[in-house]
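This report refers to the structure that appears directly beneath it.
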2 protein chains.
Amino acid sequence: MLRTSLAVSLSAISSINAAADEGMWLPNALPLAQMKAAYGFEPSAGWADHLQRSAVRFSTGGSGSLVSAQGLVMTNHHVGSDMLAKLSTPTRDLLETGFLARSRADELPCPDLELDVLWSIEDVTARIEKAGNEATDLAKAGAARRAAIAAIEDAATKATGLKCEVVTLYQGGRYHLYSYKTYRDVRLVFAPETAIAFFGGDTDNFEFPRFALDCCFFRIYENGKPLAPDHFLRWDVASSGNNPDGANGAQEGELVFTWGHPGSTNRLYTAEHVQHMRDVEEPMRLKRLWRSEVKLATFMGRSAENSRIAREDFFGVQNGRKSTQGLLDALQDPALIREKLAHDAEIARKLKGTEAGERFERGRRKIVQSLDAWNKLAPNYFAFERWRAGDLAGLARTAIRIVSESEKPSDQRLAEYSDGNRASLESFFYSPAPIQPDLEIERLSSWLASLAEERGLDHPAVQKLLDGKSPRARASEIVRGTRLAEVDVRRTFAQMTKNDLTNATDPMIQFAMLCDGEARAVRTAWENEVESLQESGYADVAAAHFAAFGESVYPDATFTLRMSYGVVAGWTTDEGAKVPAFTTIGGTFTRAEARAGDPAFALPKSWLDARARLDASVPFNFVSTNDIIGGNSGSPIVDRDGDIVGLIFDGNLDSLAGDVIYDGTRNRATSVDARGMLHAMRVVYGANELVDEMHNSTAKPITP
Amino acid sequence: MLRTSLAVSLSAISSINAAADEGMWLPNALPLAQMKAAYGFEPSAGWADHLQRSAVRFSTGGSGSLVSAQGLVMTNHHVGSDMLAKLSTPTRDLLETGFLARSRADELPCPDLELDVLWSIEDVTARIEKAGNEATDLAKAGAARRAAIAAIEDAATKATGLKCEVVTLYQGGRYHLYSYKTYRDVRLVFAPETAIAFFGGDTDNFEFPRFALDCCFFRIYENGKPLAPDHFLRWDVASSGNNPDGANGAQEGELVFTWGHPGSTNRLYTAEHVQHMRDVEEPMRLKRLWRSEVKLATFMGRSAENSRIAREDFFGVQNGRKSTQGLLDALQDPALIREKLAHDAEIARKLKGTEAGERFERGRRKIVQSLDAWNKLAPNYFAFERWRAGDLAGLARTAIRIVSESEKPSDQRLAEYSDGNRASLESFFYSPAPIQPDLEIERLSSWLASLAEERGLDHPAVQKLLDGKSPRARASEIVRGTRLAEVDVRRTFAQMTKNDLTNATDPMIQFAMLCDGEARAVRTAWENEVESLQESGYADVAAAHFAAFGESVYPDATFTLRMSYGVVAGWTTDEGAKVPAFTTIGGTFTRAEARAGDPAFALPKSWLDARARLDASVPFNFVSTNDIIGGNSGSPIVDRDGDIVGLIFDGNLDSLAGDVIYDGTRNRATSVDARGMLHAMRVVYGANELVDEMHNSTAKPITP
């Protein structure tokens, strides 16, 4: 599943010369020549603008699109599932039962969801480069750039009322200011049961063939009324599913496009950096995920209610584990690193004796140096600054930092506490979403135990935090004692003076204070010794790539809007098996029967009841060569007219190498077919009004 | 579940002064005074001998007992499950369906099971001490002791035809020669479905209340006929279950005894050694188990057949993870280490200024020194000598070592290749049990990948083994290419000269050869620098314990026969909840309904069908204060008369601290109640002949 964790790497940029259908292209720098040459496709003038303004970014880490004149938004079930979990109670489990609002009044307001629509892009490179160039060393240059970014964002936010974010592309080479219309009144309209949305579970995740109705619909409200957007997407299928009247859905070999928000790739990484990923970073991540997966599974086993409250965490961990495992498997194939080494050698050879060639070697050395700092700082950085100690711990830290950061000018603060980011921060901090004490105890005690496992129980840092108790006893005492679950109490803390907060008796506030010094210190060191060095190093490496291969390259993914193009096509496996491009509704029942007894393949009652009424031949899921990655979940996949033919929700196993390379012969993106989606919505769920709303909306025509 | 992994620690001995019902007592050194003082119990002269000769040790890592005049042996389902898996095929899944032989001819011969009955014990301390004392340093002393042990075992085996093993007790203080009657013609008679044998799965494992029919019956054959043993156990319940005619089963507060084979405890460990367990050994073990659990779960998810062939591995990993996690939780409670430190301080105080006191400090220093060697050697030791690369890899290594060790005199060989151990070695090496290639590829590729994760793919040791391929490609090539799955091929290899074997083209033989040098080297270092030092150190520590507390102490568990005594009793949790001692057959259905939807709590059809015929009030499982640990699985639990009242199969969560401490207020052993077991066997399974056989056997009376 292609949801991103939002832990987007700050250092990622990319420029490997694109081949075949490779590339996650900037909306304002589409590969027009390539698309024309390969497919004879020349978009009309308004095409890109229409798709950009129809695309939606989900703050939960995915993508979506506007699909009706009344503000309806389509995304994946697994992008909406975070909200489904927060809107559930012990007696109303929306992940289990699904949901369909029968009227506007029945739509369920989401507690803390933000949807962004990209409004404008402005090149601000010159201003940020200038700030960095005035600094005396690499660490100071990084800090100066960060301050300049905050200042630009704050000023733009104040001037426009939009959400304004500077995106670092071709790191040190380009800085673009992205401005978004942001919507916070978002309501749940429709979601199927997890049993069909995630049919096949972890076993089928990142595999193909698949049979999943991984869709979910929300509605944006503005001033209490459904949004009436200027742009939204039409469907390339008739309202009755597989019975097209002039609209066909996707066809084998057809050229299709995704417009979505890939989270992070590392394709520009030098071979040494990829080796470090292979031998250090990904194994470390997997170890954490293995631990979490087992701990959460045992927690969930204890009761049905435990299972309900931890399911979202568990899905995230399993999804991350499977994608990381797939990436590590690819990295551990010696062929991959040989290709990276050959690529770097080719650049060095092309640029031999040039200034760009010297810059390339300088950049590579900076990266190697940054990796030494990575190794030195990582234990503390991931333990403290990137801690996973639970929601209450996160809220306590946020309260502490709101109070301390507010004392500084906006451009000197930790980035997420700038004035420009205030609204998003408050949306998170004052969220009324329920907090589950039992799960919080599990998370905090697991985090405390992991510190003891890594450092030993007698380590002073561990002793200080445990206060003479076992991890579980300590976690229980803190979670049972804190009042941070109450929104009003959070507000009180955030408005305190630093001195009053320091003297506050809330045990979670006190606990978070014990960790904050260490966390801030290692964050500063990380920014100075790892990130600033990698930014500078990759500026050199990127410049070398431009010199060697020309300027027509795409940057690594940054959880900003990108277009990818490709064709609907199956592939041939290593063992020579041909995997067809499409699955059908009927295949779903066949697979359920073949895997009877495995709960991951148990169809929901609604599908079993509807079987006779469903058309087994309707296409359900399909694969295409589009170059996507985590964060693309929920992206619309459209045809040359910009009309919906499907909904991206997954990639195949071979796509997991996509973090570092794209191999068009095997890398496939997986979509719910538009025909299967609408057919199921009508026949299984009786969501006729919803389908009619989408079909009857008068779409704004694309400006020719 | 109390099965032991057979990786019995060589260094474990114990002597902490026993309190309450603590202790795993040697059959020839029972705590007669304590039992008399606490419970007024004085066993008759033949009591211990009768129970010793009725007790059975399973080579799969558990305990059992003879229970009829026709050689019937009772144990746990989870002790027999290894055989159930080996006797299953894709179309006959005995773990799923259970098994009941309707006649002698239907009983299924087990491919590689050994059952041992302890025949005699002889003190050989003087001979082994003498060998050690003649050496010039600690490492050489250890080697000399190992050679003396092998020589004694070989001679005894040759003289008696029994299986003869020297057991190191109070390490360096006592060496006892244990001789066993060994039976290798063992046939499966009865096993219920895993669904009821392991009802509640991982969630209920090591918890209480429990509702599990964790039993399994085998029959020993001798010369093709059922064994007619001199000793076997009678039942303390009438044949009709809960309707006793002068026999009552266990009552609350009743004194009961287990006679079984606890695998390993570490109660003598110094505080520093326990800290090392807490901060290094157990976290390392858990990391491995977390990884294996997730990898096996994903392997099993791929198909029903994968699930079938990997289930036993998976159970073992989950069981080990839950017990290790419980132990680590106990260790991470600062109260535990405070108790260990106080205990060591008390000894030091008592022995201050004495030779024994000096020896105690010397011993502690040796232990600390051995832990430094542990840390240095552990990565290679556990990666290579204790590798987990699959059955075929293990067979390849065994073939290589049979050939090379055969060139040496028996007492100079690696211990498991001595003449005395030859029969057991061949039983394993020539086992006709099926080998599953897909699972073997998973195991070998997982082992290769773990090396790459730990050392980096470019490490020379990793490169040598991968041969330029990915872990999966390399594992697949080796497993698909080897012929070691054929017993005759193994025989050919084992009979080769060293030179011929070196030139053999079998890819698994070649692969195992690449690892063998490293494995042997680190084993030698481990024996010299870790084990010899710990043996010597704990000889000092044990001597200090004797000096401080007297001689009436029990040694740590060594997977040899021990008796524990205790009473049937519930306990009170930390939160003040009272846990009753008994559960009932009826409670099983209540629990299944409360956890409906969780596959671990789905009752088998046989139980659902039999519900109306079952007496809901019959006791099903119970807890008692007996001091047991992994390896005790399948032990009979008997009354003062030596008659069966239950079958040990588990301990509660608090029992998991039992590796290092015994806390009689909370540590509980869990048994299947004899009444529930017989009632279910008759009513659910119609195993009337089997129950009648046990009841109608004329038991040899205990010599008064």
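Order of the sequence lines sets the chain letters (A, B, ...), proteins ahead of strands, with each chain counted from 1. Values below: all heavy atoms of this structure, side chains included; hydrogens, waters and symmetry mates excluded.
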* To do: Measure the spacing between CD1 of B:I337 and CG of A:L457 and express it to the nearest 0.5 Å.
  =>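 Rounded to the nearest 0.5 Å, the CD1-CG separation comes to 8.5 Å.
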
* CG-CE distance between B:D598 and A:M300, expressed to the nearest 0.5 angstrom ->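 B:D598 CG to A:M300 CE: 10.0 Å, rounded to 0.5 Å.
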
* Would you find more than 12 non-hydrogen atoms of other residues, nucleotides or ligands less than 6.0 Å from B:K287 atom NZ? -> yes

* Please check if atom CD in B:E207 has more than 12 non-hydrogen atoms from other residues, nucleotides or ligands closer than 6.0 Å. => yes

* What option among B:Q332, B:R338, B:Q463, B:E453 has the most heavy-atom pairs under 4.5 Å with chain A? ->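 Among the listed options, the one with the most contacts to chain A is B:Q332.
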
Using a 4.5 angstrom heavy-atom cutoff, name the option from [options] with the most pairs to chain B.
options                        : result
A:V294, A:D204, A:T203, A:D202 : A:V294
A:E293, A:Q318, A:R455         : A:E293
A:A596, A:A594, A:G468         : A:G468
A:L336, A:D329, A:D333, A:L289 : A:D333

* To do: Mark yes or no for whether B:R291, through its side chain, and A:L286, through its backbone, hold a donor-acceptor pair below 3.5 Å.
  =>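 Between the backbone of A:L286 and the side chain of B:R291 there is no qualifying donor-acceptor contact (under 3.5 Å).
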
* To do: Report yes if some heavy atom in the side chain of B:D458 is under 4.5 Å from a heavy atom in the side chain of A:Q275; otherwise report no.
  => yes

* **Considering all heavy atoms, the nearest B:S470-A:P334 contact** =>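 Closest heavy-atom pair between B:S470 and A:P334: N-CD, 3.6 Å.
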
* chain A contact via B:Q325 - which portion, at a heavy-atom distance below 4.5 Å ->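 Side chain only.
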
* Could you look at B:R472 and say if it's the side chain, the backbone, both or neither that has a heavy atom under 4.5 Å from chain A? =>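 No part of it gets close to chain A.
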
* Asked: Measuring heavy-atom distances to chain B, does A:K295 have an atom under 4.5 Å in its side chain, in its backbone, in both, or in neither?
  -> side chain

* Asked: Measuring heavy-atom distances to chain B, does A:A449 have an atom under 4.5 Å in its side chain, in its backbone, in both, or in neither?
  ->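 A:A449 touches chain B through backbone and side-chain heavy atoms alike.
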
